Structure formats: structure tokens, C-alpha cells
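First up is the structure itself, then whatever we jot down about it.
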Amino acid sequence: MTSDTQPRGERYAPRAIERAWQERWERDALYRTPDHVEGRPNRYHLTMFPYTSGDLHVGHWFAMAPSDTLARYFRMRGWNVLFPMGFDAFGLPAENAAIKGGVHPRDWTDRNVDRMRGQLKTMGATFDWAREVNTSAPDYYRWTQWWFVQLFKQGLAYRKQANANWCPSCNTTLANEQVVDGRCERCDTLVEQREMEQWFFRITRYAEELLDNDGLDWPEHVKLMQRNWIGRSEGAEAAFALERPAPDGTDEIRVFTTRPDTLHGVTFMVLAPEHPLVNRITTPEQQAEVRVYQERASHATEIERLSTEREKTGAFTGSYCVNHLTGDRVPIWIADYVLGSYGTGAVMAVPAHDQRDFEFAQQYGMPVRVVIAPPPVDGVPWDGSGLTEAWTGAGTLVASKQFDGMPSTEAKGAIAAYLAERGWGGPTVNYRLRDWLISRQRYWGAPIPIIYCEVCGPVAVPEDRLPVELPYDVEFRPTGQSPLSLSEEFVQTTCPQCERPARRETDTMDTFMCSSWYYMRYPDPKNSALPFGRAAADTWLPVDQYTGGSEHATMHLLYARFFYKVARDLGLVPGDEPFTRYYSQGQILGPDGRRMSKSRGNVVAPDDQVERWGADAFRAYLMFLGPWDQGGPYDVDSIVGVSRWLNRVWNVVTDPPALRQGEPGGRELRRAAHSTLAKVTEDLEAKRFNTAIAAMMELTNDMQKLRDEGTADEAAWDEATRLLTLMLAPPCPHIAEELWQRRPRIVTPATWSVHQQSWPEHDPAAIQRDTIDVVVQVNGKVRDRIAVPPDADEATARATADAQPRIAEQIAGKEIVRVVYVPGRLLNFVVR
RNA sequence: GCCGAAGUGGCGGAAUGGCAGACGCGGCCGACUCAAAAUCGGUUGGGGCAACCCGUGUGGGUUCGACUCCCACCUUCGGUACCA
């Protein structure tokens with residue numbers, strides 16, 4: 001038989017088809033999602049909205065194409081699926097563009113939004129554009145400001161003097177996530193700490209609840225990252241009495257420790273250099289040394305942090321405190337290995353049982369007092385001699401008065417309880433999570449809606465006067481102050497409470513605030529009285545399936561959970577968690593297997609791929625290249641395989657073999673089609689897009705073979721093409737639509753589109769076989785295979801196997817010790 | 001350092017403890033073409049004429065049987081980093 005090498009019909013021309021169907025779908029408002037549809041339960045699917053950087057990149061496609069496939073699949077399964085899209089449109093790049101290129105951030109952003117919306121439309125996704133949100137639009141950021149006011153009223157927003165990441169080159173503060181290895185993400189300049197008056201959100205109030213994420217259907221590694229980020233530590237707080245109270249009356253230092261069992265081993269005290277008590281307790285003769293050290297610590301922190309194997313440094317304050325448990329006089333030092341922002345900013349140093357304290361003690365000749373005896377080594381008990389490094393494990397207490405002989409694990413609780421009894425502290429829980437600094441000295445963000453009044457203090461802008469609009473006419477000078485502060489027109493106002501002249505806050509809010517609630521806006525995007533109505537929230541929230549990158553594990557996803565809990569406490573939303581299910585896709589890499597970046601020249605432009613291969617092939621390739629959660633390199637040469645497949649699909653459907661009733665092979669074709677359907681259904685449910693597409697390729701290959709042979713059974717062929725087209729609809733919506741229309745189905749004007757069809761059910765009877773291949777092994781090695789009925793018993797299988805010459809040869813002259821039979825799978829002879 | 005994920009052909013990757021390498025790229029052979037590209041068909045883990053042997057990072061273990069489970073180690077990637 002010779003293969004037909006020339007396509008007999010019309011060639012597959014993806015771009016023309018795709019444009020035409022996108023227009024038609026839009027004209028028919030096919031993806032408009034009403035709040036309620038009779039007989040279709042609601043389901044909210046969401047993929048992270050893009051930042052308006054200017055161009056959609058492959059990463060966006062990699063995130064969105066599979067998400068869209070999933071949304072389409074659930075639509076076909078009978079759900080009314082909300083799958084919205086919007087733009088995360090505030091942020092620093094817009095402002096930098098303004099400083100560098102003389103383009104206003106508003107114009108730069110609007111232009112990018114238009115461009116990216118157009119690019120998103122080439123994807124052919126089911127986005128309901130009627131629900132689009134744009135975080136930089138006044139009717140959106142009005143509500144971002146409204147959120148700030150609610151948090152302020154709840155006591156969850158507060159103002160505090162604090163150290164902030166400061167980039168001396170960009171002249172602005174940076175968010176933690178914009179500091180990479182101590183350097184500015186954009187210009188690579190070393191980041192400094194600068195003390196400034198800042199606004200914070202009290203996310204720590206929700207630390208315990210945020211820690212509890214066990215019930216969430218999220219990837220374990222993301223939940224773990226969040227738990228680590230929150231960093232719950234159980235321990236004790238212990239007070240040490242100051243030998244001489246500070247001038248302001250402070251008479252003790254409180255420390256947090258996870259090792260109250262080592263309290264009798266304290267030989268010195270260490271405060272963070274910026275600890276507020278330092279200046280008050282430093283003795284006159286130590287002033288100079290302490291000042292120099294503080295100065296050095298504040299300026300050089302980031303640079304020094306980068307040097308590995310850093311030596312411990314510090315300075316003595318000249319003051320002492322008293323360990324209540326021992327009555328010992330303990331010198332108070334400062335050192336930059338103690339962080340001002342964790343615990344109480346003060347540490348009790350136990351060099352014998354903490355490696356950092358040990359190193360510090362070595363450096364400055366401080367005594368090392370062992371209070372936990374390590375367990376015996378090789379039966380030899382610890383001999384009480386000195387240590388070469390800290391013993392941080394468990395052991396038995398020694399030199400600890402009444403606690404001597406107690407196991408350290410037990411002593412933790414006992415000593416903590418003893419502290420509480422005496423009023424010297426007690427058991428406590430400490431978190432690594434810090435309050436969220438939301439102030440930004442930038443223009444392109446939502447202005448913080450606060451007015452400072454000489455008399456009333458900070459006053460929230462009344463809700464009916466929101467939004468506090470960003471003035472368009474602003475000077476963009478990189479001065480390190482918010483450009484808003486240069487606009488007297490913006491700054492000058494009156495106090496909403498007492499009507500006296502007052503000044504506006506000129507900082508704007510961290511853009512993570514905009515994205516902390518955007519998913520709550522989609523259900524009710526046009527509401528002008530509230531951020532969203534309770535009815536809309538009950539209709540759609542929480543999000544059933546959220547997808548996005550795991551780089552947001554400890555930022556956006558944590559902030560969003562915090563916001564949702566606040567919203568719950570305000571009675572705005574149902575449930576406790578915003579995202580019932582979350583799936584984090586991997587990262588798409590350049591063809592060289594490295595992160596795509598312009599400087600490496602390994603960036604793949606989606607527009608080019610779409611132009612060359614079509615959106616369907618591009619979508620399918622992104623899903624085919626590997627497991628979605630793993631990501632991987634984008635191989636510009638491999639996409640051709642997917643393109644060839646779609647060509648074959650096209651040829652097979654538009655130009656079938658001669659079809660006749662009762663042609664042999666009908667049953668096999670039917671089996672192939674239905675087992676493919678079963679496999680694809682299972683894979684889509686589990687988000688295994690790569691193997692789903694591989695299965696469809698196999699079915700296509702089977703059909704191609706029949707086409708080459710020239711004939712096929714009409715009923716089986718027709719069913720196979722119908723099933724293949726329906727299975728193709730979620731991943732490759734355009735070609736599926738075109739093929740659906742070319743072979744007219746049961747079409748009513750109201751449900752003309754393939755995307756309005758139901759997902760088919762596979763017929764288990766069609767997959768049944770008369771005989772199946774069973775592997776025959778000898779000592780676990782495959783020697784042959786036999787065909788037996790699926791329900792054959794061991795005797796039947798064995799009889800068949802015994803008749804095989806190859807098996808007979810293998811077991812001849814040997815003793816059969818055991819026979820293992822797994823029905824439908826294998827028969828294993830264990831011989832000796 | 002700590003936490004997490006992963007190591008399978010030339011490459012991307014498949015495999016409820018049961019035929020390792022599905023599917024695809026690339027390679028090779030062929031068809032079409034004046035030719036090339038594109039397209040289509042065949043073939044393709046390594047060794048061996050063959051029977052067969054060797055193969056899933058390394059070393060051990062459990063099992064009739066291990067890519068899969070357990071222990072130790074090595075490597076890569078991601079996160080985090082003096083967190084008291």
C-alpha cells in the first residue's frame with residue numbers, strides 16, 4: 001500500500017481560522033458569563049493577572065493557556081465557569097519609563113494595557129472581557145483606598161518609624177521582594193537601610209490563622225513555604241533586671257528564647273545595634289565605641305551580609321543586667337548578629353549551647369558555661385570538659401540548681417513555667433512574619449487616603465470622598481521623595497474632621513495591595529457603591545481554582561489570604577480562605593534551559609510563535625512540553641511536532657478515507673477513540689496536559705493509518721472524529737471549532753459552537769477486549785507474552801504459558817519454586 | 001547552613017510495585033521534487049549475526065518482581081538565610 005503524500009483537501013491555515021473564530025465568538029458574546037445560568041452550577045477559575053510591562057511573554061501563555069483549557073473543560077462538563085482577566089497596572093516600571101523617556105505613567109500604562117489585551121485575545125481564551133479590571137483605574141483604586149480606610153478603622157493599619165530598603169541609585173524605597181541578594185533588582189545597586197515613617201498592616205495579628213493551611217487543596221511545597229515564612233517558634237520570654245535602671249525608668253531587658261532550658265548558662269546579653277535601649281544604658285566611657293559600631297552596622301549591613309563566613313563583631317555598652325535564675329551579673333553587648341526586627345531585638349547569649357553565641361564568646365573572651373550535658377558517646381558519659389563548638393542538641397541539665405538532672409526537653413517547659421510563676425516572663429510564641437510595610441515613595445500607585453491634621457492627627461479620608469485621585473500633572477524627578485509631595489495642589493487640603501488646613505499623605509500603596517483583592521472585584525466589577533456586593537461574593541467566592549507561579553507563594557498568596565480574612569471579619573465574603581484550590585505552574589525557560597532574559601538573548605516572543613504556528617499549536621506545545629508544574633525549556637524546534645499533529649488532525653477529519661458500513665477494524669477504532677477519551681478525561685482532571693495531548697496524538701496516528709489504508713468503518717470513523725474534535729476543543733479551541741463546523745453536527749442556532757457542547761462520556765463496553773496480552777516472566781525477566789481472556793484464571797494462563805516453546809526452554813530442568821499470577825498483567829515463574 | 005523538588009536515550013519527557021523509554025524533537029533510510037525547503041512513510045537506548053546480555057545519578061536494602069518503597073551518599077534546580 002502506498003501512502004497518499006499530498007493532502008487531498010484544503011490545507012490547514014491556522015491564522016486565518018483563528019482570527020475568524022475569535023471575531024465570531026466575540027460577536028456572539030460566547031464567553032460572557034452571567035451570574036446565574038439555569039441548570040449550570042457556578043465555578044470560579046482564576047489565573048494571575050499580568051503586570052502591564054508592555055508585552056505578553058511566553059510565561060504568561062504558559063500560565064494562561066492550560067488554565068483556559070481547564071476552564072473550557074469544566075464548561076463542557078456543565079459548569080457556569082467564571083474565568084476573568086484584568087491588569088495589574090500600578091508599579092515602578094511605569095514611573096521609570098516616565099523619568100527616562102518622558103512618557104507619563106498613565107499613558108505608558110494605558111498603551112500597554114491596550115497592547116496586552118490585544119495579545120491576550122490572540123490566545124483565543126474564554127476570558128469574559130466585560131469583567132476586566134484595571135488596578136490603576138480610578139474606579140478600581142478608589143476601592144483599594146476604601147480597603148485601606150477599613151483596615152485603618154479596624155486598627156489594622158498603623159504608622160511607625162522603621163528601617164526600609166533604600167536604593168540610593170533609584171532614589172526610592174524598595175519592597176523586600178525587589179531586593180535580590182542585597183541588591184536592587186533593577187539597577188544592581190547595593191541596598192541600604194533608611195529609617196523612615198511608614199505605614200504598616202498588622203498581618204501578624206492573623207499569623208496563627210494564616211499558619212493553619214492544612215485544609216487547603218494547595219501544593220504541599222507552597223503551603224510549607226508559607227509556614228516557614230510565618231515561622232512560628234515556641235519558647236519563652238525572659239526578663240533580665242537592669243543593674244541600674246535607664247534614665248527613662250526602664251528597669252529590665254526582655255528576650256525571646258527557644259531554649260529556656262539553657263537559661264542558667266547565660267554569660268552575656270546582646271542587643272541589636274538599633275535597639276532603643278542601647279543609647280540609654282551605654283556608659284559614658286563606652287559611648288564612643290558604641291556609636292562607631294552602630295554607625296558601621298547601619299551603613300554596612302547589606303554589604304557585610306554578603307560576605308560569607310562573617311566574623312562576629314560587637315561592642316560593650318558598659319552596663320550589666322542580672323539573671324534572675326542565678327543572680328549572676330551579665331554584661332550587655334551590642335552586635336549585628338542580633339536583628340532588631342525579630343523577637344524583642346535582644347538575645348540572652350548561651351555560648352555553650354548556641355553556635356553564634358559561642359563564636360562571639362571566642363572572639364571577645366567571654367566565659368562558656370555548660371548547662372546541658374550531651375548524652376554519652378559510645379557508652380562513655382560526658383566528662384565535663386570544655387567544648388570546641390556549641391552543643392545544641394538535647395541532654396541532661398547540669399549546673400542549673402533545682403533543675404539539675406532533668407532532661408532538657410522537659411526543662412524547657414519547667415523553666416518557662418517557673419519564670420511565669422515568679423513574674424520574670426513565661427512561655428510564649430514568636431513569629432518570623434513581620435507586619436507588612438505598604439508605604440511607597442512613588443507616584444504610580446494608589447495614594448494612601450490619609451490627611452494629617454495638626455490637631456486631629458492622621459485622619460482617614462471619608463469614604464464618600466474617595467478616590468483620592470492621582471494628579472496627572474506631576475514632576476518626575478528622582479529626588480527620593482514621592483513626586484506627589486512636590487504638588488502643593490495635591491498636598492494642601494483641609495481636615496475632614498475639624499476643617500482646619502491640613503496636608504495629605506504623599507506616599508502611595510504597595511501594588512501588592514491592589515492584587516490582594518482583585519479576585520473579589522471580578523464578581524461585581526461595575527459596582528460603584530461598594531468594592532463588590534455581598535450577593536455577588538456569595539455567588540462566586542471563594543475562587544474554586546487559582547493558578548499562578550510559585551514565586552508568589554510568600555507574597556501575593558499570603559497577602560491575599562490576609563485580606564480575605566479581614567474581609568470575612570467585616571462580613572463581606574463567605575468562608576475563610578480566598579482560594580480553595582491552588583495550582584502552581586512551573587517556569588518556562590529559554591531554549592538554552594536558562595531563565596529567559598533579554599541580555600541572554602534567549603527570549604521567545606509569543607507573537608512570533610503565534611504568527612508562525614498558530615495559537616492552537618502554540619497553546620498545545622506549551623502543554624505538551626512537560627508536566628505543567630515542572631515548567632522547562634521552550635524548544636523552538638520541537639513545536640513543529642505539535643504543528644504536524646494538528647495538520648494530521650485536519651487531514652484526517654476534512655479528508656477521510658472511503659467510509660463503508662461494516663468495514664473491518666471498526667471495533668478497534670472505536671476502542672481507540674473511547675480509551676483515548678477515558679485517558680484524556682482523567683488527565684485533564686489531574687492537569688496532566690502533556691499526556692492528554694500525547695493520547696490524542698496516538699488516536700490521530702491510528703486514524704491516519706486507516707486513512708492511508710484507504711477505507712474505514714463509517715460509524716466508527718464518524719464517532720472517532722466527533723470525539724477527537726470535542727477533546728480538542730479545550731486545548732485547541734480554534735481548529736476544533738473549524739472542524740466542528742465543517743462536519744455539521746446536531747446544530748441548533750443557540751448552541752452552534754463546539755464550545756457549547758457537552759464533554760462526551762466514554763463507553764466502557766467499547767474498551768473491553770476479548771483477549772489481552774499477559775507478560776510471562778521467569779525469575780522476574782520477561783521471556784514471552786501470551787494472549788488470554790481478561791478474566792482468565794491462573795490455571796488457564798499457566799496452561800497457555802506452558803505451551804510456549806520459549807518458556808518451556810527457560811524452565812526446562814529447573815524446579816518451579818513459586819508462580820506469581822497477576823490477572824490481566826503477568827505470570828511469573830520463580831525457578832531454581 | 002537549613003527547607004523543598006528533581007536526577008530515565010542525543011534532547012523534552014512516558015510508565016496504580018508488574019513489558020522501561022508512550023508521545024514528540026533530532027538522527028538515519030525512503031517517497032515527492034530539476035533541486036532544496038515544506039510535507040508524508042519507515043526506522044531509531046547500548047552491545048551482539050543471533051540466542052541473549054547490559055541499561056532509569058551512586059552504593060546498599062525490602063520484594064517473586066523496584067524508575068517507583070526504605071537507608072546512606074553525589075549532583076542539579078528552587079526557596080530561605082546570623083530568626084535567638
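Quick caveat, the model's predicted, so the values are computed rather than measured. Throughout, a chain's letter reflects where its sequence line sits, starting with A, and its residues are numbered from 1.
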Taking the minimum atom-to-atom distance to the side chain of [X], which one of [options] wins?
| X | options | value |
| --- | --- | --- |
| A:R783 | B:C52, B:A84, B:U80 | B:C52 |
| A:Q704 | B:A84, B:G41, B:A22 | B:G41 |
| A:V338 | B:A84, B:C19, B:G26 | B:A84 |
| A:R644 | B:C40, B:G4, B:A22 | B:C40 |
| A:R825 | B:A84, B:U16, B:U39 | B:U16 |
| A:D637 | B:G24, B:C64, B:C25 | B:C25 |
| A:R432 | B:C23, B:U80, B:G13 | B:U80 |
| A:N828 | B:C40, B:C19, B:G65 | B:G65 |
| A:K781 | B:C54, B:C23, B:G18 | B:C54 |
| A:L224 | B:A84, B:C25, B:G4 | B:G4 |

If I take atom [atom1] in residue [X] and atom [atom2] in nucleotide [N], what distance separates them, rounded to the nearest angstrom?
| X | N | atom1 | atom2 | answer |
| --- | --- | --- | --- | --- |
| A:E709 | B:G41 | CD | C1' | 13 Å |
| A:K679 | B:A14 | NZ | P | 10 Å |
| A:L589 | B:C11 | CG | P | 17 Å |
| A:W650 | B:U39 | CH2 | P | 17 Å |
| A:W229 | B:C2 | CH2 | P | 20 Å |
| A:L625 | B:A14 | CG | P | 10 Å |
| A:I230 | B:C3 | CD1 | C1' | 15 Å |
| A:L646 | B:C23 | CG | C1' | 14 Å |

Taking any heavy-atom pair under 4.0 Å as a contact, classify [X]: base, sugar-phosphate, or nothing.
| X | value |
| --- | --- |
| A:V347 | base |
| A:S233 | sugar-phosphate |
| A:V782 | sugar-phosphate |
| A:L339 | base |
| A:N690 | sugar-phosphate |
| A:N701 | sugar-phosphate |
| A:R227 | nothing |

Assigned glycosidic conformation for B:G9 [threshold 90° from 0]: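 The base of B:G9 is oriented syn (glycosidic angle within 90° of 0).
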Using atom [atom1] of each nucleotide, how far apart are [N] and [M] to the nearest Å?
| N | M | atom1 | value |
| --- | --- | --- | --- |
| B:A22 | B:G45 | P | 8 Å |
| B:A50 | B:C70 | P | 40 Å |
| B:U8 | B:C54 | C1' | 15 Å |
| B:A37 | B:C28 | P | 11 Å |
| B:G4 | B:A15 | C1' | 25 Å |
| B:A38 | B:G47 | P | 29 Å |
| B:A14 | B:C67 | C1' | 11 Å |
| B:G61 | B:C11 | C1' | 34 Å |

Trace of the side chain to side chain donor-acceptor pair (under 3.5 Å) decision for A:S233 with A:N430: CA-CA 5 Å; A:S233 296; A:N430 195 52; 5.8 Å; no
Test of understanding: with salt bridge (charged side-chain N to carboxylate O under 4.0 Å, His left out), list the residues that count as partners of A:R783, not counting sequence neighbours.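 With sequence neighbours excluded, A:R783 shows a salt bridge (charged side-chain N to carboxylate O under 4.0 Å, His left out) to no residue whatsoever.
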Between A:Y293 and A:D336 (side chain of the first, backbone of the second, donor and acceptor by atom type, cut-off under 3.5 Å), is there such a pair?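 Answer holds: yes.
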Taking only residues at least two apart or on different chains, which pairs with a member in residues 675-701 of chain A satisfy ring-ring contact (aromatic ring centres under 6.0 Å, His included)?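 Residue pairs passing ring-ring contact (aromatic ring centres under 6.0 Å, His included), neighbours aside: A:W628-A:F689.
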May I ask you to test the A:L263-A:L419 pair for a side-chain heavy-atom distance under 4.5 Å?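 Contact flag for A:L263/A:L419 side chains = yes.
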How long is the gap from CD on A:E682 to CG on A:L677, to the nearest 0.5 Å?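 A:E682 CD to A:L677 CG: 11.0 Å, rounded to 0.5 Å.
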Strictly under 6.0 Å, is that where the ring centroids of [X] and [Y] end up?
| X | Y | answer |
| --- | --- | --- |
| A:F624 | A:W645 | no |
| A:F360 | A:F268 | yes |
| A:F512 | A:W436 | no |

First encountered from the 5' end of RNA chain B, between A:F624 and A:R595: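 Looking at the nearest nucleotide for each, A:F624 comes out on the 5' side.
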Hey, which of these two, A:M697 or A:S643, hits RNA chain B nearer its 5' end, going by closest nucleotide?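 Closer to the 5' end of RNA chain B: A:M697.
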Quick one: is A:R818 getting a side-chain N or O under 4.0 Å of the B:C64 phosphate, OP1 or OP2?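 So the side-chain polar atoms of A:R818 do come within 4.0 Å of the phosphate oxygens OP1 or OP2 of B:C64, strictly under.
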Could A:D683 and A:K679 be called an ion pair, given the rule that one side-chain N must be under 4.0 Å from one carboxylate O?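 Salt bridge present between A:D683 and A:K679.
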Establish whether the base of B:U39 is bridged to the side chain of A:R648 by a donor-acceptor pair shorter than 3.5 Å.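 It does not, because no donor-acceptor pair links the side chain of A:R648 to the base of B:U39 below 3.5 Å.
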Is it the case that B:G18 (base atoms only) and A:Q777 (side chain only) share a donor and an acceptor within less than 3.5 Å, ignoring hydrogens and angles?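 Answer is yes: a donor-acceptor pair is held.
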Between A:N602 and A:Y634, is any side-chain donor less than 3.5 angstrom from a side-chain acceptor?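 No, A:Y634 and A:N602 have no side-chain donor paired with an acceptor closer than 3.5 Å.
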Please work out the stems of RNA chain B from pairs that are Watson-Crick or G-U wobble with both distances under 3.5 Å, keeping only runs of three or more consecutive pairs.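 Only these stems qualify: B:1-7 with B:74-80, B:10-12 with B:23-25, B:26-31 with B:39-44, B:45-47 with B:52-54, B:57-61 with B:69-73.
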